[in-house]
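Chain letters run A, B, ... following the sequence lines, proteins first and then strands; every chain starts at 1.
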Number of protein chains: 2
Amino acid sequence: MAEPRWLDERQQRAWRGHLALQARLHAQLNRRLQADSGLSLADFDVLVALSESDGPMRVQELADHLQWEKSRLSHQLSRMERRALLERQDCPDDARGAFVVLSAAGRRAIEAAAPAHVEAVQSLVFDGLDDAQVETWAEIADAVLARVDARG
Amino acid sequence: MAEPRWLDERQQRAWRGHLALQARLHAQLNRRLQADSGLSLADFDVLVALSESDGPMRVQELADHLQWEKSRLSHQLSRMERRALLERQDCPDDARGAFVVLSAAGRRAIEAAAPAHVEAVQSLVFDGLDDAQVETWAEIADAVLARVDARG
DNA sequence: CGCACTTCGGTGACGCGTCAACTATGCTGG
DNA sequence: CCAGCATAGTTGACGCGTCACCGAAGTGCG
């Protein structure tokens, strides 16, 4: 490759915008969630997945659902177990495996946190966009994700 | 707030798409950049800012330009200084202050890394999008950023 | 001058995320 | 049976990012 394909002006606006959006929105939502309910966004994702499945989940199953690497999930589960948001249980069928279950505190935490978090997403993100933009945004995400996953 | 404003289906597609995109694209670009040139995306951002300014920059100036918190930047600079990508220098005018300068190795690193990184962004992101989508993406980012910054 | 206040930048602790390596268990073919 | 390999999950090290806090130096007002 002699000369790289530099980004044109429009692409730069989109790309820098995406980077800034990603960084600041994540930080802001995390800060709010933390302040409102003592949960991080990572905690939230795990708790949502567990509460949707209702009942014990295998670690691998959870990792597949969240599309997380297993070591990432393992670290996260350890931190959450330490705070009693969930429990790990032995798996009778496969002695290598482990089940993860929501604790009562974990269920309370996610139910308490969800409404304010959803409201934060609405007010920070969607209240500023019209339907067509939201639709296009979803298409953009699908298109880029297809390329990222194809070259993953 | 009695009943939270849950996300409708379109919003969920966009939001989950954004979250997935953000996570996987960041991971993938970081992995490639690391493999190709031994730099992280954070290193890259700092090096780009420094090489654009050409000449020493005050830490606060760099933080403002990158829109990073000063402690984040300070940690990053320490890691990069350890690897000799840059140097910190005393500031004669203000004894509290510090200048940051690119080292020769830092300049070589950014010049070597940039073409492949730009090509990765093009091929993973923009090759899958048409002009209208890119334009809308930039508008979305601006609109959401305005709200995030207003409530930051 | 002297005392409060701010600003500059750094530090330590801790959570998040990846990588490489490891343990323990299950599985499969000879 | 058992040797070899695959799978489930964990661990430790390290970089990234935030928070709370600190010390040093500038600033402004009595």
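- Ion pairing between a basic and an acidic side chain is recognised when a charged N comes within 4.0 Å of a carboxylate O; R96(B) and D94(B) show such pairing.
- Side chain to side chain, D8(B) and Q12(B) fail the donor-acceptor criterion of an N or O pair below 3.5 Å.
- Contacts of A63(B) with the nucleic acid, taken as non-hydrogen atoms under 4.0 Å apart, are absent.
- Between R31(B) and dC19(C), a side-chain N or O to OP1/OP2 separation shorter than 4.0 Å is present.
- The CD atom of E119(B) sits 4.0 Å away from the CZ atom of R5(A) when rounded to the nearest 0.5 Å.
- Note on Q76(B): every side-chain N or O is 4.0 Å or more away from OP1 and OP2 of dG15(D).
- Atom CG of D43(A) and atom C1' of dG17(C) are 14 Å apart (whole Å).
- The CG atom of L39(B) sits 15 Å away from the C1' atom of dC16(D) (whole-angstrom rounding).
- Between E69(B) atom CD and dC14(C) atom P there is a gap of 19 Å when expressed in whole angstrom units.
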Please enumerate all protein N or O atoms sitting under 3.5 Å from an N or O of nucleotides 10-13 of chain C, with distances to 0.1 Å.
unit_1: dG10(C); atom_1: OP1; unit_2: R88(B); atom_2: NE; d: 3.4
unit_1: dG10(C); atom_1: OP1; unit_2: R88(B); atom_2: NH1; d: 2.5
unit_1: dG10(C); atom_1: OP2; unit_2: S74(B); atom_2: OG; d: 3.0
unit_1: dG10(C); atom_1: OP2; unit_2: R88(B); atom_2: NH1; d: 3.0
unit_1: dG10(C); atom_1: O5'; unit_2: S74(B); atom_2: OG; d: 3.4
unit_1: dG12(C); atom_1: O6; unit_2: H75(B); atom_2: NE2; d: 2.7

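- Distances shown here put every side-chain N or O of Q60(A) at or beyond 4.0 Å from the OP1 or OP2 atom of dT7(D).
- At dG15(D), one or more side-chain N or O atoms of R82(B) fall inside 4.0 Å of OP1 or OP2 (strictly under the cut-off).
- Nucleic acid contact class of D94(A) (heavy atoms, under 4.0 Å, all strands): sugar-phosphate only.
- Taking atom CG of N30(A) as the reference point, atom C1' of dG17(D) lies 10 Å away to the nearest angstrom.
- Counting non-hydrogen atoms of neighbouring residues, nucleotides and ligands closer than 6.0 angstrom, the CG atom of D130(A) exceeds 12 such neighbours.
- With L50(B) as the fixed residue, the side-chain contact (heavy atoms from CB on, under 4.5 Å) test singles out one of I110(B), D45(B), L86(B): L86(B).
- For E61(B) and A95(A), each mapped to the nucleotide of DNA chain C holding its nearest heavy atom, the one lying further toward the 5' end belongs to E61(B).
- For D43(B) and R83(B), the salt-bridge test passes: some basic side-chain N is under 4.0 Å from an acidic carboxylate O.
- Nearest-nucleotide positions on DNA chain C place F99(B) closer to the 5' end than the other of F99(B) and L41(A).
- L47(B) and A109(B) get closest at one heavy-atom pair: CD1-CB, 4.4 Å.
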